[in-house]
Structures are given as C-alpha cells and as structure tokens.
Amino acid sequence: MGATPFKGRERVNLSTAEVLIVCGDAEGLEILAQMFAGFGVHTPRRATSSVEAMVIVGERELNLVVVDSALADGEGYGFINWLRRCGSPNAWSPVVLVTGHTTPSQIIKGRNAGASFVVRKPVPPMVMMQRIVWLLNDQRAFVTSDGYCGPDRRVRSIGPPVGMKGRRHDDLSVEVGEATTPNLDQGQIDALFQPKAVAK
Amino acid sequence: MSQPRVFKIENKLAKVVSRPGGKTIQEALKSAEVNIESVRDQCMTALEEKAVNLARIATGDRAEGATATLDGLYDVSNAIFGVAGAFGLEALAEAACSLCDVIHRFRSGEAIKWSAVDVHVDGIRLLAGGLTRGTDEILEGLRKVRARFVPVS
C-alpha cells in the first residue's frame with residue numbers, strides 16, 4: 001500500500017453499517033464484498049440481480065448501497081431509479097455506482113438515475129474509501145420530481161446557469177444589488193487577516 | 001405534473017461511521033487489500049473461464065445486427081475488465097476494455113466487422129491464460145484495430 005491522503009489517526013467505524021452490494025458478475029461481487037469486509041463491515045449484503053436487491057431493500061435499513069452498472073437481470077441504472085422512488089427510507093441512502101467500460105453517456109445516465117457518486121473500475125480500496133469519506137460529508141439536499149429523484153445534482157452552489165432564471169425558491173439573482181450595510185473600512189479588513197490565538 | 005420537492009435528509013452513512021471504535025483508515029485499507037488478495041486464485045480461474053465463454057459466445061449468431069451476440073460479448077468482456085483491473089492485470093484489462101469500446105461502436109450503428117471482434121477474443125484468451133511473452137505485440141495489434149473504429153479522444 002502506497003502513500004495515502006488520509007491522516008494516520010483518522011478512523012471509520014463501519015462495523016454496524018448495513019451495506020448492500022449489487023453486482024451481476026460473481027467475481028466482481030466477491031471483490032467488492034471482500035473490500036467492504038476489510039473496511040470493517042460486519043456482513044456486506046450481496047445481490048447479483050435487481051430482484052434480489054429489491055428484497056434486501058425491503059428487509060433492512062441500509063446505510064450505503066454500492067451498485068455495479070451491469071446486473072444479472074439488467075442494468076444498475078434501473079435499480080437505482082427504482083430505489084430512489086421505492087417509498088422507504090432506503091430511498092435516501094447514499095448510492096455509489098461502479099461502472100466498468102464507461103462512456104460519458106453512461107456517467108450522465110448514472111447521475112440522472114440518482115447515484116450519489118459514479119466510480120469507474122478498477123476501484124482500488126483507496127479510491128472507494130475516498131468516496132466513502134466524501135459521502136460522509138455530503139450535505140446535498142434530496143430532490144424529488146417527475147423527471148428526477150436523488151441527491152441534488154448541483155454539487156457546488158454556484159447558482160443558476162448564466163442568463164437563466166433560477167428554478168428554486170432559494171436561488172439568488174445573478175444581479176448584484178446595492179449594498180445594504182456600510183462597507184468595511186481598511187482597518188476592519190486588515191483585522192480579518194491578523195493571526196489570532198485559538199483555544200485548543 | 002407534480003411540483004418538485006427539495007428537502008434535507010439525514011446522512012445515514014455518517015450516522016453510523018462516526019461512532020466510537022472501528023479501524024483507522026490505514027488499517028481498513030490494508031485489511032481490504034489482504035481480503036481481496038485472498039480471492040485472487042479463484043478470480044484467476046474465473047478469468048480463464050470467462051475468456052472461454054467469450055470465445056463460445058463469439059461463435060453465436062452473426063446475422064444482421066446480431067444483438068444477442070454483441071450484448072453477450074460486451075457483458076463478459078466488461079466483467080473481465082473489472083476483475084483483471086482489480087488484480088493489476090493491465091494487459092488483459094486493456095484488451096477487454098478495447099473489445100468493449102469496439103462493440104460499443106457496433107451497437108451504436110457502426111457496420112460490424114467480425115474480424116475486429118475475433119482478434120480481440122483471441123488476444124483475451126491468450127492473456128487470460130497467463131501468457132507473459134508477446135503481450136506488447138498483442139496489445140499493439142489490438143490498439144491498431146480499436147483505432148479504426150474508435151476516434152482518439
């Protein structure tokens with residue numbers, strides 16, 4: 001194992017996490033299950049088809065769902081689409097879509113199906129762990145509409161596209177209005193850059 | 001048409017992962033690598049079987065369109081790509097990915113050239129069987145075939 005971007009003492013406790021892994025290829029499923037077992041997941045739930053996965057979704061409260069794009073009975077995108085609209089709290093679980101051979105259209109398809117993250121194979125443990133850590137800090141809202149159901153696809157809050165009116169009630173106008181409070185004077189600005197002692 | 005709803009949700013993953021205990025990330029990564037390595041032998045055997053299956057599927061229906069044959073080849077080749085990549089078998093992974101690229105073009109309307117499929121299937125069978133000499137030549141040949149169908153990005 002080479003250098004990692006993680007600090008030596010950073011910890012994860014996945015021992016009680018319910019993780020569902022869905023992959024149509026037996027060996028691909030085994031590799032992912034071994035990876036998550038190594039991460040500390042006590043019993044990764046396995047399914048090779050969307051039908052098997054749907055049963056598990058109905059039985060357990062899931063903390064994470066990992067879905068391969070190729071399932072024994074179809075494509076992972078369809079399962080994610082179903083999951084996001086299934087009506088149980090599992091609909092809001094974070095979903096990592098793992099793709100093998102990947103075209104740009106498949107990435108978009110996965111995103112539009114409601115995946116929280118799309119990861120291209122091969123997926124070394126380091127990459128999967130980075131995505132898990134990213135998902136731990138994921139604050140995105142959930143969107144349900146006729147055309148889409150899943151985490152907000154706008155990962156960054158940069159407002160509506162230029163020249164378009166925002167569709168959300170909390171979208172701000174791109175027009176910057178007059179200041180409503182006095183400007184900071186130079187002293188106040190300088191003070192923001194002064195080093196300050198902080199309590200440990 | 002119903003009104004879209006945007007709402008905050010509880011981060012179900014963060015809820016459990018932040019509990020005391022568990023492993024350091026370094027330990028988790030190490031354990032995952034050891035676990036994956038423990039299934040290497042069974043995966044190598046499976047790769048050979050998948051390559052044989054690939055060759056069997058390639059002998060199937062080649063009539064106009066040949067949807068089932070192309071779909072079967074794509075699925076198996078995609079699975080080979082995933083497993084080979086997980087164990088660092090870069091030559092085999094590249095050959096399998098190249099076949100997926102070519103089939104993707106054929107499934108998208110490009111006129112099917114079965115010779116391009118066959119040369120990939122042969123190459124994959126050799127690489128999955130543990131061939132160590134001549135891999136560069138095989139890959140170079142497959143890259144040239146792929147370049148005829150897939151535009152350089």
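Any value given below was found using the heavy atoms of this structure, including those in side chains, with hydrogens, waters and symmetry copies removed. Protein chains get the first letters and strands the later ones, always in sequence-line order, with residue 1 at the start of each.
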Worksheet, complete the sentence: So, the part of A:Pro89 with a heavy atom under 4.5 Å from chain B: the answer is both
Item to complete: Would you kindly confirm whether A:Val19 and A:Ile56 end up in one hydrophobic cluster when ILVMFWY residues are joined by side chain heavy atoms under 4.5 Å apart?
Response: no
Worksheet item: Is the CD atom of A:Glu61 crowded by more than 12 outside heavy atoms at less than 6.0 Å?
Response: no
Discussion item. To check you understand the geometry: which heavy-atom pair defines the closest contact between A:Arg11 and B:Gly22, and what is its length?
Written reply: NH2-O, 3.0 Å
Worksheet entry | Residue part contacting chain B, namely of A:Thr102, when any heavy atom lies under 4.5 Å | neither
Worksheet, complete the sentence: Shortest non-hydrogen pair, B:Val39 vs A:Glu30, comes out as CG1-OE2, 3.7 Å
Practice prompt. Measure A:Ser15 against the heavy atoms of chain B and call it side chain, backbone, both or neither at under 4.5 Å.
Written response: neither
Worksheet entry | Working for side chain to side chain contact (heavy atoms under 4.5 Å, CB included), residues A:Val133 and B:Ile25 | CA-CA 10 Å; A:Val133 170; B:Ile25 290 181; 4.1 Å; yes
Worksheet item: Where does A:Asp25 contact chain B at under 4.5 Å (heavy atoms): side chain, backbone, both or neither?
Response: side chain
Worksheet entry | Best-contacting candidate, B:Gln42, B:Lys15, B:Arg19, against chain A by heavy atom pairs under 4.5 angstrom | B:Arg19
Fill in: Contact summary for A:Pro122 and B:Ala86, nearest pair of heavy atoms
CB-N, 4.0 Å
Worksheet item: Could you go step by step and tell me if B:Val17 and A:Leu14 meet the side chain to side chain contact (heavy atoms under 4.5 Å, CB included) rule?
Response: CA-CA 5 Å; B:Val17 170; A:Leu14 286 159; 3.5 Å; yes
Item to complete: Step through the shown structure and confirm whether more than 12 heavy atoms of other residues, nucleotides or ligands are within 6.0 Å of CD on A:Glu59.
Response: yes
Worksheet item: Is A:Asp138 reaching over with its side chain to a backbone N or O of B:Asn11, donor-acceptor style, under 3.5 angstrom?
Response: no
Item to complete: Take A:Asn90 and B:Lys12, measure what side chain to side chain contact (heavy atoms under 4.5 Å, CB included) needs, and give me the verdict at the end.
Response: CA-CA 9 Å; A:Asn90 285 331; B:Lys12 297 173 74 175; 3.4 Å; yes
Worksheet item: Within residues 93-106 of chain B, which positions have a heavy-atom distance to chain A below 4.5 Å?
Response: B:Cys97, B:Cys100, B:Asp101, B:His104
Worksheet item: Under 3.5 Å, side chain of B:Lys8 to main-chain N/O of A:Gln139, donor-acceptor pair present?
Response: yes
Worksheet, complete the sentence: Cut-off 4.5 Å, heavy atoms of chain B, and the answer for A:Ile132 is both
Item to complete: Quick one: closest heavy-atom pair of B:Val83 and A:Gly28, and the distance?
Response: CG2-N, 4.2 Å
Item to complete: If the plane angle is over 60° it's perpendicular, under 30° parallel, otherwise tilted; pick one for A:Phe142 and B:Phe7.
Response: tilted
Worksheet, complete the sentence: Here the gap from A:Phe39 atom CZ to B:Asn35 atom CG, rounded to the nearest 0.5 Å, amounts to 10.0 Å
Practice prompt. Following the transitive rule for hydrophobic clusters with a side-chain heavy-atom cut-off under 4.5 Å over Ile, Leu, Val, Met, Phe, Trp and Tyr, establish whether A:Val55 and A:Val57 coincide in one cluster.
Written response: no
Item to complete: Heavy-atom distances under 4.5 Å only: say whether A:Met35 touches chain B with side chain, backbone, both or neither.
Response: both
Fill in: Winner by heavy-atom pair count (cut-off under 4.5 Å) against chain A, out of B:Ser18, B:Cys43, B:Gly21
B:Gly21
Fill in: Interface moiety of B:Ile9 toward chain A, non-hydrogen atoms closer than 4.5 Å
side chain
Worksheet item: Do any N or O atoms from the side chain of B:Lys23 and from the backbone of A:Gly38 form a donor-acceptor pair under 3.5 angstrom?
Response: yes
Worksheet item: Given a strict heavy-atom distance threshold of 4.5 Å, which part of A:Glu75 is in contact with chain B: side chain, backbone, both, or neither?
Response: neither
Worksheet item: Roughly how far, to the nearest 0.5 Å, is CG of B:Leu29 from CD of A:Gln130?
Response: 9.0 Å
Worksheet item: Atom CD in B:Glu37, atom CD in A:Gln34: separation rounded to 0.5 Å?
Response: 11.5 Å
Worksheet item: Looking at B:Pro4, B:Ser31, B:Ala28, which makes the most heavy-atom pairs under 4.5 Å with chain A?
Response: B:Ala28
Fill in: Cluster check B:Val145, B:Phe81: I/L/V/M/F/W/Y, side chain < 4.5 angstrom
no
Worksheet item: Is A:Met129 linked to A:Val123 within one hydrophobic cluster, defined over Ile, Leu, Val, Met, Phe, Trp and Tyr using a side-chain heavy-atom separation of less than 4.5 Å?
Response: yes
Discussion item. Counting only non-hydrogen atoms closer than 4.5 Å, does A:Pro124 touch chain B with its backbone (N, CA, C, O), its side chain (CB onward), both, or neither?
Written reply: neither
Practice prompt. Can you measure from CG (A:Leu136) to CG (B:Leu13) and round to the nearest 0.5 angstrom?
Written response: 5.0 Å
Practice prompt. Kindly work out whether a path of hydrophobic side-chain contacts (I/L/V/M/F/W/Y, heavy atoms less than 4.5 Å apart) joins A:Val41 to A:Leu29.
Written response: yes
